[in-house]
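Read the numbers this way: they start at 1 and go in the same order the structure lists the ligands and their atoms. Below, all heavy atoms of this structure are taken into account, side chains as well, without hydrogens, waters or symmetry copies. Treat the numbers as computed from the prediction; the structure is a model and nothing was measured.
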Amino acid sequence: MNYLFKKIRIINPFQNLDEIADLWIKDGVIVKIAKEISTTDNDIEIIDSQTLVASPGFFDMHVHFRDPGFEYKEDLRTGAESAANGGFTGVLIMPNTKPPIHDKTVVEYIKSNTQNSIVDIYISGTITQNQEGKLISNMLEMNEHGVKLFTDDGKCVMNSDVMRRAFDYATPKDLLISQHCEDIFLTEGFDMNESEISVKLGLKGYPSIAEEVILYRDILLSEYCGNRRYHAQHLSTQNSVDLIRYAKRKGLRVTCEVTPHHFSLTEDTLTSYNTNFKMNPPLRKANDLQAIKEGLKDGTIDVIATDHAPHSNLEKEVEFDKAPNGIIGLETAFGLSVTHLVEENWLTINQLIEKMSVNPRKILHLPPISFQENLQANITIFDPKEEWIVNKTNFKSKSQNTPFDNLKLKGKVKFIFNNNKVYKSSL
Ligand code: DOR
Ligand code: ZN
């Protein structure tokens, strides 16, 4: 492996770097960065980079790889390849597997099956045993085995006393507690957002307050328990953005993420009854979309994460109310972000890199990434100007449940470099 990128724009917020230079990567190591590199190496691919950008490798802190237990939807290998194809050099996998990631045995199973991956696979563990919301999992032990974040994602820890104990339990090691915010008593049997449209379509609604009451409760609990670290997952409503803004102003150690589908789509798409628009939390209204974009712009929202949630065709091609929640997202995240955020002037490309690479790593206390000679490359190369049509048959995910097939996007991933390997995107 030997690549020379001529006149590429290197952006690395970790180093306050934004410059045009030649970048030479050989056998996964950055050999040289300089204004002009000439080489007598024969066996080298020289790439005239024009509009290309080299950024620290993207990191998705919310993916479901379904392994162990649901490998027909995705497994650790196909999940990692899907991530690589979408430009991610690192991911955090969610623990709602079967068995759930709630003890060191499952953690070790995943570690031993992801050893030679180009994508760094980090593991989250459950807050409660079997995600039942009752007994706290052995978070300290899982943390000793490398688990960085704790969540019952897919489910919400409803019981406030259990949540309080989770924060207390996290205190000695300052562990990161994270939540899928959903008051399940307000959402039972839901199909979509609760609105005039859900009434018209005859679909059961999920009111936005179901997310907001839990988010506010958790913000209060995290403060009450001594200003604990708390990360809110896949927020979807205007009031949620306001609540995070309030928490940050107060100096609380609260962070949050949003998904590309929640800033690209509204509930209006549900009129098609296409189950690839069905997810949890559901698509919301135009004012929520607007609030999310404003929250991304003013720094209230720290991270863009996909909630990559593969399901088989057999499971999704059923009546709307019977279909499982979730869509895949790894291979469209960057294109959707450039199209809806950069092209619409909500974020600069540098700010997008912060949301897709820098901030998730900071939140998880992972080491920063450097562009430095003789250092192993952890890099995503992309073209922010290239237009392309999404073709789900080019995806590497085992599942195809995307609402974005055939959509024209701007911004395309080209390569990732990590762990001394290279991956050429085939989107
Ligand atoms: O849409 C979703 N799918 N939301 C979740 O919270 C869980 C996920 C899944 O695991 O399928
Ligand atoms: Zn999820």
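Rounded to 10°, the angle that NE2 of H62 and OD2 of D153 form at the Zn ion (ligand 2) is 90°.
Of all protein heavy atoms, the one closest to atom 7 (C) of ligand 1 is G154 CA, 3.8 Å. Counting protein heavy atoms only, atom 1 (O) of ligand 1 is closest to N280 N, 3.0 Å. Counting protein heavy atoms only, atom 3 (N) of ligand 1 is closest to N325 O, 3.2 Å. Protein heavy atom in closest approach to atom 11 (O) of ligand 1: R66 NH2, 2.8 Å.
Close approach of ligand 1 to G326 is summarised as follows: ligand atoms under 4.0 Å from at least one heavy atom of the residue are 1 (O), 2 (C), 3 (N). Counting the atoms of ligand 1 from 1 in the order shown, those under 4.0 Å from a heavy atom of H311 are 11 (O). Ligand-side atoms of ligand 1 in range of A309: 3 (N), 8 (C), 9 (C), 11 (O), range being under 4.0 angstrom from any heavy atom. Listed by atom number, the atoms of ligand 1 under 4.0 Å from D153 heavy atoms are 6 (O). Heavy-atom proximity to H234, at under 4.0 Å, picks out these atoms of ligand 1: 6 (O). For ligand 1, the atoms sitting less than 4.0 Å from at least one non-hydrogen atom of M279 are 1 (O), numbered in the order shown with element in parentheses. Atoms of ligand 1 found under 4.0 Å from any heavy atom of H64, numbered from 1 in the order shown, are 8 (C), 10 (O).
Counting heavy atoms under 4.0 Å from ligand 1, residue N96 touches it through the side chain alone. The proximity of H180 to ligand 1, defined as any non-hydrogen pair under 4.0 Å, is limited to the side chain. Neither the backbone nor the side chain of K278 comes within 4.0 Å of ligand 1, counting heavy atoms alone.
Between F415 and Y423, a ring centre-to-centre spacing not shorter than 6.0 Å is recorded. Between H62 and H308, the ring centre distance reaches or exceeds 6.0 Å.
A salt bridge is absent between K200 and E196; no separation between the charged side-chain nitrogens and carboxylate oxygens falls under 4.0 Å. One finds no salt bridge joining K285 and D288 here, because no Lys/Arg side-chain nitrogen approaches an Asp/Glu carboxylate oxygen to under 4.0 Å. Salt bridge status for K248 with D302: present, with a side-chain N to carboxylate O gap under 4.0 Å. Classification of E108 and K111 as a salt-bridged pair holds, one side-chain N sitting under 4.0 Å from a carboxylate O. E144 and K104 are not joined by a salt bridge, as no carboxylate oxygen comes within less than 4.0 angstrom of a charged side-chain nitrogen.
D307 has its closest N, O or S atom to the Zn ion (ligand 2) at the position named OD1.
Between the side chains of S195 and E267, at least one donor N or O lies within less than 3.5 Å of an accepting N or O.
For K204, the NZ atom counts as densely surrounded, since its 6.0 Å shell holds more than 12 non-hydrogen atoms of other residues, nucleotides or ligands.
Between F334 and F382, the ring planes lie tilted relative to each other; the angle falls in the 30° to 60° range.
A cation-pi arrangement is absent between R361 and F14 under the rule of less than 6.0 angstrom and at most 45 degrees off the ring axis.
Residue side and main chain included, H64 places an N/O/S atom under 2.8 Å of the Zn ion (ligand 2).
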